[in-house]
Amino acid sequence: MTSENTVAGGTRPRSASGKPLVDPRGPRFGAGITSVVLAVVLLVAPSGAANVLLALQWLAFGAGAAFGLAYSPYGVIFRRLVRPRLGPPSHWEEEAPPRFAQAVGFGFATVGLIGFLVGWAALGYVAVAMALAAAFLNAAFDYCLGCETYLLLARMRRR
Amino acid sequence: MRVDKGSGMGVWIVVSVLVAATLFGVWRRRSDGRMHDVSRADLPPVPTPTTATDVTGPGHSEVVSEPRVTHDPPEADASDVTSGLAASPPGHAGASADVSATPVPDGLHLTADDLGAALGSRATLVQFSSAFCQPCRATRIVLRDIDESLDGVNHVEIDAESHLDLVHRFHVMRTPTVMVLDPSGKVRKRASGLARKPEVLLALGEVFGELETEKEAG
């Protein structure tokens, strides 16, 4: 039980077709923090501090992708500290798209981390810059760039 | 010293990423959901002797669609075979024999077989969706609402991933992509991104208007 909301005995809300739903402000809040973290990584890289920060963000992406957005550290912060001050959301959104985007972010963070750790700084910069672009678009425009890659990948599978 | 050197570079990267992402975001916000005529960009990048770029009015599109018929079937059939989908219309085999009776798969027409659902008597709203698509749900709500409030208009949602043949045939690059079909199944308008109700209604109005004038003329 994640207390994503407290309707009907604390179960999480689901769509008519049974898909788990999230308060859309949560992923967006998380994307805002992610943007700041990744921007700081780029500002202080290459350095040990940048690597540590990127590793933490990598873990946050991984937790969100593997266990759900509510279990990513930013999801916890949102639920405990931010949401009580905001009141109920105006609408719900499916959890799958932002969760998939976390997985895409995890992939880019992995490449970036490898780049900086191995000493290929250019690779690290490019990967983190792309993750920053996606996170910023999510935070500022509510636009899920990571989600767009799904169809493009599916298209490549055949033909 | 090393940090200072890195910082200078990082600042430039951060600034350019944020500027580029902002421009992209503003552009997408403006263009998403805008209905437009079918243009060359909406067709698969297959060399076709006849172009469909000037499909600005209903009169032109009739001329454009027919010559494509002879060039498309091998390609479209091949993709159906490789994808192994059941969506392949039974009419395929006889397509080359009788062109006028069985619509040949192309990037301009959708049949009830393609959709797995009946065409609307006045118009059909086809929505390509995918599993990881943020605006698909909201788009579904908008189109379903129109489906329920207008007679003769059907909303058909297609899972892009399991209909890759259609995705390639109609050059669908994003979800949601919404197409407005006339009663014959011809794609009249399309848009990608979160649907805008006024845009969809406007496109439907155009299709309905053509039906009226056809009735008066014929």
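Every chain is numbered from 1, with letters handed out A, B, ... down the list of sequences.
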Parallel, tilted or perpendicular: ring planes of A:Tyr150 versus B:Phe132, cut at 30 and 60 degrees: perpendicular
Calculate, to the nearest 0.5 Å, the distance between atoms [atom1] and [atom2] belonging to [X] and [Y] respectively.
X	Y	atom1	atom2	result
B:Ser130	A:Leu153	OG	CG	11.0 Å
B:Gln134	A:Glu93	CD	CD	5.0 Å
A:Leu137	B:Arg29	CG	CZ	10.0 Å
B:Cys133	A:Phe100	SG	CZ	11.5 Å
A:His91	B:Ile141	NE2	CD1	8.5 Å

If I compare all heavy atoms of [X] with all of [Y], which pair ends up nearest, and what's the gap?
X	Y	result
A:Ala96	B:Ala131	CB-O, 4.1 Å
A:Ala129	B:Ile13	CB-CG2, 3.9 Å
B:Val172	A:Arg155	O-NH1, 2.5 Å
A:Ala154	B:Leu164	O-CD1, 3.5 Å

Run the numbers on B:Arg174 and A:Glu148 for salt bridge (Lys or Arg N to Asp or Glu O under 4.0 Å), then give the verdict. CA-CA 6 Å; B:Arg174 298 174 60 201; A:Glu148 300 263 313; 3.0 Å; yes
Does a sphere of radius 6.0 Å around CE in B:Met35 hold more than 12 heavy atoms from other residues, nucleotides or ligands, not counting ones at 6.0 Å or beyond? yes
Tell me, with the steps shown, if A:Leu145 and B:Arg28 meet side chain to side chain contact (heavy atoms under 4.5 Å, CB included). CA-CA 11 Å; A:Leu145 191 64; B:Arg28 270 289 156 91; 5.7 Å; no
CA sep, side-chain torsions, deciding dist, call: B:Phe24, A:Phe141, side chain to side chain contact (heavy atoms under 4.5 Å, CB included): CA-CA 10 Å; B:Phe24 180 81; A:Phe141 294 94; over 6 Å; no
Do the side chains of A:Leu151 and B:Glu161 get nearer than 4.5 Å, heavy atoms only? no
Side chains of A:Phe136 and B:Leu18 in contact at under 4.5 Å (non-hydrogen atoms): yes
Is B:Ser16 close to chain A through its backbone or its side chain, or both, or neither, when contacts mean heavy atoms under 4.5 Å? neither
